[in-house]
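Chain letters run A, B, ... following the sequence lines, proteins first and then strands; every chain starts at 1.
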Protein chains: 2
Amino acid sequence: MQKEHNLSKNQKIIFDLIDKSGGPMKAYSILFNVQKKGIKAPLQVYRALDKLVEIGKIHKIESRNAFIACQNSSCQISKATAFSICESCEDVSEISNTKLSKYLSNFADESGMKYSKYNLEFFGLCKKCKSK
Amino acid sequence: MQKEHNLSKNQKIIFDLIDKSGGPMKAYSILFNVQKKGIKAPLQVYRALDKLVEIGKIHKIESRNAFIACQNSSCQISKATAFSICESCEDVSEISNTKLSKYLSNFADESGMKYSKYNLEFFGLCKKCKSK
DNA sequence: TTATAAATGTTATATTATTACATAGTGTTA
DNA sequence: TAACACTATGTAATAATATAACATTTATAA
C-alpha cells in the first residue's frame, strides 16, 4: 500500500502548478507564478519542492535544474528515475519501462557498492524536432 | 583514431588540478585553487570546464554541480556516462561496464526518440561507509 | 492537552553560472 | 608574409540557483 500524503497548502499550490504545466519548471519561474497566491520567497518554493521530491510527487531534472510532476500514476519509483530530454525543444518526458528499471535496479558491479537509487537522463532529438 | 587535443594554458592548469585531485571538484573550489596561477575570474574557469567536458577529458556530475576527470583511459565515451556516488562521503567514481553501456546506448522505447547521449548517476553507500 | 514534529514567513546571503565587450594568440592558406 | 578565421584569454558586471538563521504557526499524535 502506498502512503497517502496530504499536501500542505504551499505544497499543493506548487504541485498543482507544475502538474498543470505538463513539463519541467524552474524554481524561480514557479516562484513568479505563485506570488499572486502569497508565496513570496525562494525558500518557500524550495521547501515545498524538497518535500514533493522526497515523497515522489515530482522529480528533479538534474541537468536542467528543473522540476517535473511524476508521470507514473503509481508515483512509487522516485528512487529510480529515467527521463528523455530533447536537446532542441527541451521537452522532457519520464520513461517508464519495466525492463529498464529492473535492469538498473538490479545493477551491481565489482565496486562493492549497493545502489539504492539512480537517475538516468537520455538526450537526443524528439520526433518533432528530428523532422524539422 | 582519437583526435589529439592540445589543451590551452588555462585548460591544462584546470585539467591537471581536477585530475590530480582524484575526485569531483566544484567550479569555485577550482577557481580558488588556480588563483595563484593567474586565473582570477569564474568565467575563465567555466570556459575551460566547458571545453574539457566537450572533448571528454572531464565529466560533470550533474547532481553535485561538480567536475571529475574522465577515468576511462580511452576518454572516448563522454556521450555515455555512468557514475556511482556515495551519499555519505560523496565519493564519486566512473562506472565503466561494457554491458551497461551497450544496454543503454542501444536503448529505445516507443517514443520515437533517438538517443544520442545519456548520463546515469547511481546513489548509495560505498563499501567504507556501509561498514561504519 | 501538551508535547512533538512539520510547515510557514521573512531577511539576508551563499553558490553556481552567464552576458557583454575588448584583446591576444594560433593555425591556415593565398 | 599577410590576411583571414578561429580559438582562447582578460575583466567587470550581473543573472540564476539555492541555503542559513531565526521567529512563529499549524498539524499530529501520545
- Task: Walk me through it: do B/S93 and B/Q71 pass the test side-chain contact (heavy atoms from CB on, under 4.5 Å)?
- Result: CA-CA 8 Å; B/S93 45; B/Q71 290 164 35; 4.1 Å; yes

- Task: Walk me through it: do A/E62 and A/N119 pass the test side-chain hydrogen bond (donor to acceptor under 3.5 Å, both in side chains)?
- Result: CA-CA 9 Å; A/E62 294 287 357; A/N119 178 56; 5.7 Å; no

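A distance of 11.0 Å separates NZ in B/K102 from CG in B/N97, rounded to the nearest 0.5 Å. Here the CG atom belonging to A/L100 is positioned 9.0 Å from the CG atom belonging to B/D109, to the nearest 0.5 angstrom. Atom SG of B/C70 is separated from atom CD1 of B/I18 by 12.0 Å, given to the nearest 0.5 angstrom.
For the pair A/N65/A/K60, a side-chain contact is recorded, criterion being any heavy-atom separation below 4.5 Å from C-beta on. Within the 4.5 Å cutoff, the side chain of B/I39 has heavy atoms near those of the B/I13 side chain.
Boundaries of the chain A contact region on DNA chain C are C/dA7 to C/dT11, first to last in 5' to 3' order (nucleotide atom under 4.0 Å from a heavy atom).
Using five terminal pairs a side, the axes of the helix from C/dT1-D/dA30 to C/dA30-D/dT1 at its two ends make an angle of 40°, given in steps of 10 degrees.
Using cut-offs of 30° and 60° on the angle between ring planes, the pair B/Y103 and A/Y103 is parallel. Using cut-offs of 30° and 60° for the angle between ring planes, the A/F107 and A/Y115 rings count as parallel.
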Would you tabulate the pairs of protein nitrogen or oxygen atoms and nucleotide nitrogen or oxygen atoms of nucleotides 5-8 of chain D closer than 3.5 angstrom?
residue, atom, partner, partner atom, Å
D/dA8, OP1, B/Q11, NE2, 3.4
D/dA8, O3', B/S8, OG, 3.2

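In this structure, the side chain of B/S105 engages the main chain of B/S101 through a donor-acceptor pair within 3.5 Å. B/N33 places a side-chain N or O within 3.5 Å of a backbone atom of B/S29 that can act as its donor or acceptor partner. Between the B/E54 side chain and the B/K51 main chain, no donor and acceptor come within less than 3.5 Å of each other.
Of the residues listed (A/R64, A/K128, A/K26), the one engaging A/E90 in a salt bridge (Lys or Arg N to Asp or Glu O under 4.0 Å) is A/R64, and it is the only one.
For the pair A/E87 and B/K117, the salt-bridge criterion is met [side-chain N within less than 4.0 Å of a carboxylate O].
Less than 4.0 Å separates DNA chain D from no heavy atom of any residue of residues 13-22 of chain B.
Counting Ile, Leu, Val, Met, Phe, Trp and Tyr side chains that sit under 4.5 Å apart, directly or through other members, B/I85 shares a hydrophobic cluster with B/I61, B/I68, B/F83, B/V92, B/F123.
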- Classify every nucleotide of nucleotides 11-25 of chain D by which part a protein heavy atom approaches to under 4.0 Å, writing B for the base, S for the sugar-phosphate alone and - for neither, in 5'-to-3' order. BB----BBBBB----

